[in-house]
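Only one structure is covered here, and it is reproduced in the block below.
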Protein chains: 2
Amino acid sequence: MIYSSELIKGTLKTIVLQQLKQNGKMYGYEITQKVKELSKERIAITEGALYPTLHALEADGLVHTETEYIGKRVRKYYRLSTSGENKVLEKVNELAEFMNTMKFLLDIKTA
Amino acid sequence: MIYSSELIKGTLKTIVLQQLKQNGKMYGYEITQKVKELSKERIAITEGALYPTLHALEADGLVHTETEYIGKRVRKYYRLSTSGENKVLEKVNELAEFMNTMKFLLDIKTA
DNA sequence: GTCCAATGCATAAGATTATTATGTATCTTT
DNA sequence: AAAGATACATAATAATCTTATGCATTGGAC
């Protein structure tokens, strides 16, 4: 079962930043696969969502890129900048608090 | 501190449905105030977001409405339909699971 | 050796759903 | 009398996703 796409909205940037934090440098396709695996197939990041997001993170100076060639195929690696490292902490903290609030609001018992 | 609006996206319908479940019948303004109170001012539902959402829930047959007059002032009460009662269970369960997945993905420790 | 699936990037049209602004009107408090 | 709270609603705009499309390389199956 895949989570309905509305839920991903608003958390995608946070997920991507956190993956970069945990893995140092990653390329786009790798991020989709890693998140798919970690979420047991329940979070599917589409390319149409991912690439614009990565470009936005770069435009905001939260990540830096390096291009590598594997044979003739291009890979664009992304890595957190210093401000990106701060941002991921902020974002994850905010989401953690938000989830606590939602748990209370929705009367959800902890598993 | 108010949660950034991106986080609300995708959870607003669930919040509204759950409030209706917990309180039987409610009118729009009441929902905004109740959520504001329960979230300690951290979730602010704007009218421009709420009313279209309520209308959509009604169009989907998840809620029924009754209009009441308090003096000359109109109040439109919303109440879950039978399919709305099923829907709220689905939505809350999905969100609960999603939050567990996110907690794992983002390496968040339980408070 | 050819074809399909997977890998890898990217953008564009369209849909969804929020923000912000605006409008109307009543009621309460100062 | 004025301001703020109550109460509904819609429209223009913005953000951000889905879906579709495009291009190109690589690996495995047949």
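All values derive from a computational prediction rather than experimental measurement. Numbered from 1 within each chain, the chains take letters A, B, ... in sequence-line order.
Taking every heavy atom of both residues into account, B:Phe104 and A:Leu38 meet most closely at CE2-O, 3.4 Å.
Contact check for A:Met1 versus A:Lys40: no side-chain heavy atoms found under the 4.5 Å cut-off. Residues A:Met102 and A:Ile108 form no side-chain contact, since every pair of their non-hydrogen atoms from C-beta on lies 4.5 Å or further apart.
Straight-line distance from the CD1 atom of A:Ile8 to the C1' atom of D:dA15: 17 Å, rounded to whole Å. When the P atom of C:dG8 is taken as reference, atom NZ of A:Lys36 falls 13 Å away, rounded to whole Å. Rounded to whole angstrom, the span from the CD atom of A:Glu30 across to the C1' atom of C:dC9 amounts to 15 Å. Rounded to whole Å, the distance from NZ on A:Lys13 to C1' on D:dC17 is 13 Å. Rounded to an integer number of Å, the gap from A:Tyr3 OH to D:dT18 P is 16 Å. When the C1' atom of C:dT16 is taken as reference, atom CG of B:Asp60 falls 13 Å away, rounded to whole Å. Note: OH (A:Tyr27) to C1' (D:dT26) measures 12 Å, nearest angstrom. When the P atom of C:dT24 is taken as reference, atom CZ of B:Arg75 falls 23 Å away, rounded to whole Å.
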Validation: residues 53-65 of chain B side-chain donor-acceptor distances under 3.5 Å, sequence neighbours left out:
residue	atom	partner	partner atom	Å
B:Thr53	OG1	B:Ala49	O	2.8
B:His55	ND1	B:Tyr51	O	3.3
B:Glu58	OE2	B:Thr65	OG1	3.2

Which atom pairs, one a donor and one an acceptor, fall under 3.5 Å between side chains of residues 89-99 of chain A and the rest of the protein, sequence neighbours left out?
residue	atom	partner	partner atom	Å
A:Lys91	NZ	B:Glu6	OE1	3.3
A:Asn93	ND2	A:Leu89	O	3.2
A:Glu94	OE2	B:Ser4	N	2.7
A:Glu94	OE2	B:Ser4	OG	3.3

Less than 3.5 Å apart, which donor and acceptor atoms pair up between the side chains of residues 30-37 of chain B and the rest of the protein, not counting sequence neighbours?
residue	atom	partner	partner atom	Å
B:Glu30	OE1	B:Tyr27	N	3.2
B:Thr32	OG1	B:Tyr29	O	2.6

Expected list for residues 13-20 of chain A: side-chain donor-acceptor pairs under 3.5 angstrom, two or more places apart:
residue	atom	partner	partner atom	Å
A:Gln18	NE2	B:Leu106	O	3.4
A:Gln19	OE1	A:Asn23	ND2	3.2

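Comparing B:Glu6 and B:Tyr78, the nucleotide of DNA chain D nearest to each residue sits closer to the 5' end for B:Tyr78. If you find the closest nucleotide of DNA chain D to A:Lys9 and to B:Tyr77, the one lying nearer the 5' end belongs to B:Tyr77.
Not a single donor-acceptor pair under 3.5 Å links the side chain of A:Arg73 to the backbone N or O of A:Ile70.
Relative to the side chain of B:Ser5, the nucleotides D:dC8, C:dA18, C:dG8 differ in distance, and C:dA18 lies closest.
For the segment residues 38-57 of chain A, residues with any heavy atom less than 4.0 angstrom from an atom of DNA chain D are, sorted by number, A:Thr46, A:Gly48, A:Ala49, A:Thr53. The stretch residues 62-73 of chain A touches DNA chain D through A:Ile70, A:Gly71, A:Lys72, A:Arg73, each having a heavy atom under 4.0 angstrom from the strand.
Side-chain contact of B:Tyr77 with B:Arg79: a donor-acceptor pair under 3.5 Å is absent, judged by distance alone.
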